[in-house]
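Read through the structure below, which is laid out as structure tokens, and then see the notes.
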Amino acid sequence: DYLDGFSAGAEKMSSLYLTDCSLLLSSSDSSNRSSPPGDKPSRWKEGWEDGQDLIFNLLVAQRLQACMVPVPTVDPP
């Protein structure tokens, strides 16, 4: 049950589309999470939430790389 829920939650979260750097920094998985189907057992729902958490954090980490700015060079004194 858990792995079925995990894969379903991961698949659902993989469609998240956030690329704006300020939104990525202020976003949280709870604000982007969708609720699991109500007819599923609690173990399935736990997997759903864990799958969504993992994919959300991976997507944010991957997309934040594009937000990095170059470090300015400093001339020696």
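Quick caveat: nothing in here was measured; it's all calculated off a predicted structure.
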Problem set entry | Partner set under side chain to side chain contact (heavy atoms under 4.5 Å, CB included) for Cys67, not counting sequence neighbours | Cys21, Leu24, Leu64

For this session: Apply side chain to side chain contact (heavy atoms under 4.5 Å, CB included) to Leu54 and list each qualifying residue two or more places apart in sequence or on a separate chain.
Result: Phe6, Leu58

For this session: May I ask you to list the residues sharing a hydrophobic cluster with Trp44, side-chain cutoff 4.5 Å, ordered by chain and number?
Result: Trp48

Exercise. When rounded to the nearest 0.5 angstrom, what is the spacing between OG in Ser7 and OH in Tyr2?
Worked result: 11.0 Å

For this session: May I have all residue pairs that pass salt bridge (Lys or Arg N to Asp or Glu O under 4.0 Å) and include part of residues 35-47, sequence neighbours excluded?
Result: Arg43-Glu46

Problem set entry | Residues which pass side-chain hydrogen bond (donor to acceptor under 3.5 Å, both in side chains) with Asp1, listed by chain and number, not counting sequence neighbours | none

For this session: If a pair satisfies side chain to side chain donor-acceptor pair (under 3.5 Å) and one of its residues is in residues 10-19, list it, with sequence neighbours excluded.
Result: none

For this session: Look up atom CD1 in Ile55 and atom CD in Gln62, then write down how far apart they are to the nearest 0.5 Å.
Result: 10.0 Å

Problem set entry | Leu59 with Leu25, same ILVMFWY side-chain cluster at under 4.5 Å | yes

Problem set entry | Residues which pass side-chain hydrogen bond (donor to acceptor under 3.5 Å, both in side chains) with Ser22, listed by chain and number, not counting sequence neighbours | Asp20

